[in-house]
Colleague: 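The structure follows.
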There are 2 protein chains.
Amino acid sequence: MTDGLMPIRKMCEVFDVTPRTLRFYESKELLFPVREGQKRLFTRRDRARLKLILRGKRFGFSLEEIRQLLDLYDIGDRQETQLRRAHEAARTHLIDLEQQRADLDEAIAELKAQMAWAEAQLSRTCSNDAAE
Amino acid sequence: MTDGLMPIRKMCEVFDVTPRTLRFYESKELLFPVREGQKRLFTRRDRARLKLILRGKRFGFSLEEIRQLLDLYDIGDRQETQLRRAHEAARTHLIDLEQQRADLDEAIAELKAQMAWAEAQLSRTCSNDAAE
DNA sequence: CGTTTTCTTTACGTTCACGTCAACCTCACT
DNA sequence: AGTGAGGTTGACGTGAACGTAAAGAAAACG
């Protein structure tokens with residue numbers, strides 16, 4: 001039975017990151033690989049977290065922001081106060097994400113418009129070329 | 001008639017950035033304010049570009065990437081080759097944006113699920129509290 | 001057994017995106 | 001003429017997110 005423990009090299013291949021990055025994330029308490037002697041073994045949980053870390057980065061969040069958000073996806077048994085704080089943080093985060101989605105839609109629309117304009121220009125240039 | 005020229009202080013207020021940031025962007029050839037004596041005056045074009053810069057940053061693009069993309073929105077009369085290259089860059093960028101949109105939708109869905117779970121936990125805790 | 005590979009820690013270096021400070025104009029008041 | 005507010009150009013500092021090089025342990029291979 002694959003216990004899901006993954007050595008650092010394999011992790012690097014799967015997620016396309018360097019060993020340094022993984023060690024760095026561990027030092028920042030974003031990942032918690034177990035040890036087999038000296039060596040790190042990353043758990044299923046680490047992989048789930050890493051996926052979220054990389055996604056968070058794409059959206060422009062800092063590692064520290066991500067670290068706080070990760071706890072949201074990592075709630076086992078925690079105090080009500082903590083849960084409330086996490087929920088509130090999530091709400092804030094959600095608002096941010098939805099704003100970002102709106103911005104993104106706008107950006108996509110504008111970019112498409114620009115591309116359409118460029119295409120029009122290109123076809124015009126083309127017919128001009130043909131005319132001369 | 002407002003010629004649309006805006007001094008640095010006003011720019012900072014409108015876009016919520018520091019003077020340093022604007023000067024930095026100018027040094028990186030992202031903005032091109034005109035000069036009145038020593039002082040910078042930002043044009044309508046600068047404001048349009050700055051808006052795109054700030055949006056680009058939210059999506060995790062580097063200033064250098066943004067600089068290249070800005071040229072897309074800044075095409076006056078350019079050669080066909082340049083136009084083709086710009087169009088191709090736009091296409092690549094668009095793909096990236098749409099991928100990002102998909103990721104974002106996924107992230108939002110997951111976050112909402114987590115929040116729902118947290119809410120369920122909270123109501124459970126609440127009733128437990130009441131029971132004991 | 002020695003050697004090569006892979007991992008480790010430690011530590012200093014680097015890039016990006018500005019912040020911060022010094023020293024200097026220059027225009028508006030008074 | 002003085003004084004202060006707001007602008008300017010360097011130049012050096014800083015925090016985040018790693019890169020990279022050095023030195024050593026440990027597992028794998030011939």
Side-chain angles (χ1 to χ4, degrees), chain A residues 3-43 46-47 49-71 89 93 96 100 103, chain B residues 3-43 46-47 49-70 93 96 100 103:
Chain A
D3 50 4
L5 293 183
M6 192 177 275
I8 197 166
R9 181 60 46 173
K10 185 68 179 169
M11 284 289 280
C12 293
E13 286 171 17
V14 171
F15 291 96
D16 190 34
V17 293
T18 68
R20 174 62 172 121
T21 299
L22 295 178
R23 292 188 197 109
F24 182 70
Y25 290 169
E26 184 189 3
S27 78
K28 295 284 172 160
E29 301 190 300
L30 288 152
L31 299 176
F32 308 94
V34 298
R35 299 304 178 103
E36 183 185 50
Q38 282 269 76
K39 304 188 174 176
R40 290 167 175 81
L41 290 175
F42 294 85
T43 66
D46 286 317
R47 291 196 293 282
R49 292 175 72 96
L50 182 53
K51 184 184 168 191
L52 291 170
I53 293 168
L54 298 178
R55 192 165 70 186
K57 287 197 54 178
R58 288 207 59 194
F59 299 147
F61 295 102
S62 74
L63 291 184
E64 177 53 26
E65 286 171 320
I66 292 170
R67 197 185 60 77
Q68 295 177 24
L69 290 169
L70 274 178
D71 297 341
H93 186 48
D96 198 275
Q100 208 166 132
D103 290 357
Chain B
D3 52 1
L5 293 181
M6 193 177 274
I8 197 166
R9 181 61 45 173
K10 184 69 179 169
M11 284 290 280
C12 293
E13 287 170 15
V14 172
F15 290 96
D16 191 31
V17 294
T18 69
R20 173 63 173 127
T21 299
L22 295 178
R23 290 193 271 263
F24 181 69
Y25 290 169
E26 185 188 4
S27 77
K28 295 284 174 156
E29 301 191 303
L30 288 151
L31 299 176
F32 307 94
V34 298
R35 296 307 175 101
E36 184 185 49
Q38 283 265 76
K39 304 186 175 177
R40 290 167 173 83
L41 291 176
F42 294 85
T43 67
D46 286 318
R47 291 195 292 283
R49 292 174 72 96
L50 183 53
K51 183 184 168 191
L52 291 169
I53 293 168
L54 297 177
R55 194 165 67 185
K57 286 195 54 179
R58 289 208 59 195
F59 299 147
F61 295 103
S62 74
L63 290 184
E64 177 54 25
E65 286 171 320
I66 292 170
R67 196 185 61 76
Q68 296 178 23
L69 291 169
L70 274 178
H93 187 47
D96 198 273
Q100 208 165 129
D103 290 356

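In what follows, every chain begins at residue 1, and chains take the letters A, B, ... in the order their sequences are listed. Hydrogens, waters and symmetry mates play no part in the numbers below; they use all other heavy atoms, side chains included.
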Colleague: At a heavy-atom distance below 4.0 Å, what parts of residues 28-41 of chain A sit against DNA chain C?
Modeller: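 Result for residues 28-41 of chain A: A:Arg35, A:Gln38, A:Lys39, A:Arg40, sorted by number.
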
Colleague: How many whole angstroms separate atom CG of A:Asp16 from atom C1' of D:dC18?
Modeller: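 Computing the A:Asp16:CG to D:dC18:C1' distance gives 15 Å.
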
Colleague: Which residues satisfy the side-chain hydrogen bond (donor to acceptor under 3.5 Å, both in side chains) test with A:Gln68, sequence neighbours excluded?
Modeller: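 In terms of side-chain hydrogen bond (donor to acceptor under 3.5 Å, both in side chains), with neighbours along the sequence ignored, A:Gln68 is linked to A:Glu64.
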
Colleague: Check step by step if side chain to side chain contact (heavy atoms under 4.5 Å, CB included) holds for A:Asp96 and A:Phe61.
Modeller: CA-CA 11 Å; A:Asp96 198 275; A:Phe61 295 102; 3.8 Å; yes

Colleague: Restricting to salt bridge (charged side-chain N to carboxylate O under 4.0 Å, His left out), what partner residues turn up for A:Lys39, sequence neighbours left out?
Modeller: none

Colleague: List in chain and number order the residues that pass side-chain contact (heavy atoms from CB on, under 4.5 Å) with B:Leu63, two or more places apart in sequence or in another chain; answer none if no residue qualifies.
Modeller: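 Partners of B:Leu63 by the side-chain contact (heavy atoms from CB on, under 4.5 Å) criterion, ordered by chain and then number, come out as B:Phe24, B:Tyr25, B:Leu30, B:Ile53, B:Lys57, B:Ile66.
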
Colleague: If you restrict it to nitrogen or oxygen atoms, what contacts under 3.5 Å exist between nucleotides 19-21 of chain D and the protein, and what is each distance?
Modeller:
residue, atom, partner, partner atom, Å
D:dG19, OP2, A:Thr18, OG1, 2.7
D:dG19, N7, A:Arg20, NE, 3.0
D:dG19, O6, A:Arg20, NH2, 3.0
D:dT20, O4, A:Arg20, NE, 3.3

Colleague: What pairs of residues pass the side-chain hydrogen bond (donor to acceptor under 3.5 Å, both in side chains) test when at least one of them lies in residues 6-15 of chain A, not counting sequence neighbours?
Modeller: none

Colleague: Kindly write out the residues that satisfy side-chain contact (heavy atoms from CB on, under 4.5 Å) with A:Leu41, not counting sequence neighbours, or none if the list is empty.
Modeller: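 Only A:Leu5, A:Pro7, A:Val34, A:Glu36 meet the side-chain contact (heavy atoms from CB on, under 4.5 Å) criterion with A:Leu41.
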
Colleague: Rounding to a whole Å, what distance do you find between B:Phe24:CZ and D:dG10:C1'?
Modeller: 15 Å

Colleague: Any salt bridge (Lys or Arg N to Asp or Glu O under 4.0 Å) pairs touching residues 19-34 of chain B, not counting sequence neighbours?
Modeller: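 Of all non-adjacent pairs touching residues 19-34 of chain B, those that pass salt bridge (Lys or Arg N to Asp or Glu O under 4.0 Å) are B:Glu26-B:Arg35, B:Glu26-B:Arg40.
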
Colleague: For A:Leu52, give me all partners under side-chain contact (heavy atoms from CB on, under 4.5 Å), at least two apart in sequence or on another chain.
Modeller: A:Arg55, A:Leu70, A:Tyr73, B:Glu110

Colleague: Round to a whole Å and report the spacing from CG of A:Leu22 to P of C:dT6.
Modeller: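 Taking CG of A:Leu22 and P of C:dT6, I get 17 Å after rounding.
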
Colleague: Please give, in whole Å, the distance from C:dT6 P to A:Arg23 CZ?
Modeller: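 For the pair A:Arg23 CZ and C:dT6 P, the rounded distance is 13 Å.
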
Colleague: Which residues in residues 51-68 of chain B have a heavy atom closer than 4.0 Å to any atom of DNA chain C?
Modeller: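 The answer is B:Lys57, B:Ser62, B:Leu63.
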
